[in-house]
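First the proteins, then the strands, lettered A, B, ... as listed; each starts at 1.
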Amino acid sequence: MRFTTEIAPLDLDQTLGCGQTFRWRQQPDGSWLGPLEDCLIGLRQNGARLLIEARPSGSERSAKRLVRTHLRAEDDVVKVQRVLARDPVLAAGIPRVTGLRIVKIDSWECLCSFTLATYANIPRISKMIETLAQRFGHNIVEGVSAFPSLSELSRATVNELSDCGLGYRARYIHDLCRSVDSRKLRRMESLEYDDLRSELMDLPGVGDKVADCVALFGFGKLESFPIDVWIERALARLFRQRGSYRKLRKFATDRWGPYAGYAQEYLYYNERARASTGACLFTE
DNA sequence: GCCCAGGAGTGTG
DNA sequence: CACACTCATGGG
């Protein structure tokens, strides 16, 4: 079953390919394939129109909602960009990333994904997540499995997790499964950013950066500003800001307030594009 | 082979 | 609070 939905502005390649998600794969024909909950979704962009294919058959009804939630279709990114464009450093580059959207990831999957993302490169992170899905998740269609639920992943021993190539992160995931339950996750959905952040940081393997990533992508807190090595470089080069996580986070919060998450996304995209192609959107 | 990765935890000054 | 050190491993 194929159908369409309208999300604008949207640049699917930028949004799904920039490294904020780990399970979307671009196909040789340019379309994107990835699992959302119990659907395998195929996406192709035609201007403002998004072509959706969903499997297995019978899942089409929920697929459109899944896609719109994942791509945060209701975000008023035009307003976000109008506000952020007042920033003299961001202003010049924003017209080139208008279709780059923050994604919304399932909170449990997001918590695990960014806990795994410590001290590993993106191809490896993707592989760790893929292996966990195949070994402990449930099958969606042939060859594709959903990310394991909390109860599914709780059955894994540390050794089994190590065998998935997690390294020292096996212990983090194992302990995470025993520090969280579905009731706690549901309650965290209702917390404001500050309380959510401190609760996340109480979890094993979750520090400043992971907590902010999970708050942003897993719980949709757009004021969150995760600072990784790329953002550190961007802040140093473009804004002459260096120092502790706390200090840099305060700089971002004071400067971009409720839209810090989108500012982070633009800076992250730019910094990585700069490293790989030399292209640079923002001026110092 | 070498380098480093969307860091976190722990111990020390 | 700031820094140093370790963690376990694979992708580029």
> Any idea which of B:dA5, C:dG12, B:dG7 is nearest the A:Lys209 side chain?
Replying inline: B:dG7

>> Measure CD1/A:Ile173 against C1'/C:dA8 and give the value in whole Å, please.
In response: 14 Å

> Looking at the side chain of A:Tyr172, which of B:dA8, C:dG11, C:dA2 is the nearest nucleotide?
Replying inline: B:dA8

> Aromatic rings A:Tyr172 and A:Tyr168: how do their planes relate, parallel, tilted or perpendicular, breaks at 30° and 60°?
Replying inline: perpendicular

>> Students often mix this up, so state it plainly: with edges at 30° and 60°, are the rings of A:Trp256 and A:Phe239 parallel, tilted or perpendicular?
In response: perpendicular

> So does A:Tyr168 reach the base of B:dG7 with its side chain, donor to acceptor, closer than 3.5 Å?
Replying inline: yes

> Are any of A:Lys127's side-chain N or O atoms less than 4.0 Å away from OP1 or OP2 of C:dG11?
Replying inline: yes

> If you look at every strand shown and take non-hydrogen atoms under 4.0 Å, does A:Leu267 touch a base, only sugar-phosphate, or nothing?
Replying inline: nothing

> What's the CZ-C1' distance between A:Arg171 and C:dT6, to the nearest Å?
Replying inline: 16 Å

>> If I take atom CZ in residue A:Phe22 and atom C1' in nucleotide C:dG11, what distance separates them, rounded to the nearest angstrom?
In response: 15 Å

> The side chain of A:Asn121 lies closest to which of these nucleotides: C:dG10, C:dC1, B:dG7?
Replying inline: C:dG10

> Within the side chain of A:Glu109, is there an N or O that forms a donor-acceptor pair under 3.5 Å with the backbone of A:Phe147?
Replying inline: no

> Atom OH of A:Tyr245 to atom C1' of C:dC1: distance rounded to whole Å?
Replying inline: 17 Å

> When all nucleic acid strands are considered with a 4.0 Å heavy-atom cut-off, which category describes A:Gly19: base, sugar-phosphate, or nothing?
Replying inline: base

>> Among A:Lys64, A:Arg49, A:Arg65, which residue satisfies the side chain to side chain contact (heavy atoms under 4.5 Å, CB included) criterion with A:Thr5?
In response: A:Lys64

>> Expressed as a whole number of angstroms, how long is the span from A:Leu248:CG to B:dG6:P?
In response: 19 Å

>> I want to confirm an ordering. Mapping A:Pro123 and A:Arg246 to their closest nucleotides on DNA chain C, which one lands closer to the 5' end?
In response: A:Arg246

> Atom CG of A:Leu235 and atom C1' of B:dG6: how far apart are they, to the nearest Å?
Replying inline: 14 Å

> How close or far is atom C1' of C:dA8 from atom CG of A:Asn159, stated in whole angstroms?
Replying inline: 14 Å

>> Please compare A:Met201 and A:Pro226 by the position of their nearest nucleotide in DNA chain B and report the one closer to 5'.
In response: A:Pro226

> So what does A:Ser244 touch, heavy atoms closer than 4.0 Å: a base, only the sugar-phosphate, or nothing?
Replying inline: sugar-phosphate

> Side chain of A:Arg23, backbone of A:Gly34: donor and acceptor closer than 3.5 Å?
Replying inline: no

> So what does A:Arg169 touch, heavy atoms closer than 4.0 Å: a base, only the sugar-phosphate, or nothing?
Replying inline: base

>> Between B:dG9 and C:dG10, how many Å separate the two P atoms, rounded to a whole number?
In response: 22 Å

>> What is the separation between atom CZ on A:Arg124 and atom C1' on C:dC7, rounded to the nearest whole Å?
In response: 11 Å

> Which whole number of Å gives the distance between the P atom of C:dA4 and that of B:dG6?
Replying inline: 23 Å

>> Heavy atoms from C-beta onward define the side chain here; which of C:dC7, C:dC1, B:dG6 lies closest to that of A:Tyr119?
In response: C:dC7

>> I'd like to know if the side chain of A:Arg101 and the backbone of A:Arg72 have a donor-acceptor N/O pair within less than 3.5 Å.
In response: yes

> Of all the choices, B:dG7, C:dG11, B:dG6, which nucleotide is nearest to the side chain of A:Ala117 once you look at every atom?
Replying inline: B:dG6

>> Between B:dG6 and A:Phe114, is there a base-stacking contact, meaning the centre of the base's six-membered ring lies under 5.5 Å from the residue's ring centre while the planes stay under 30° apart?
In response: no

> Quick one: is A:Arg242 getting a side-chain N or O under 4.0 Å of the C:dA2 phosphate, OP1 or OP2?
Replying inline: no

> When the nearest nucleotide of DNA chain B is assigned to A:Ile125 and to A:Gly205 on a heavy-atom basis, which residue is associated with the more 5' position?
Replying inline: A:Ile125

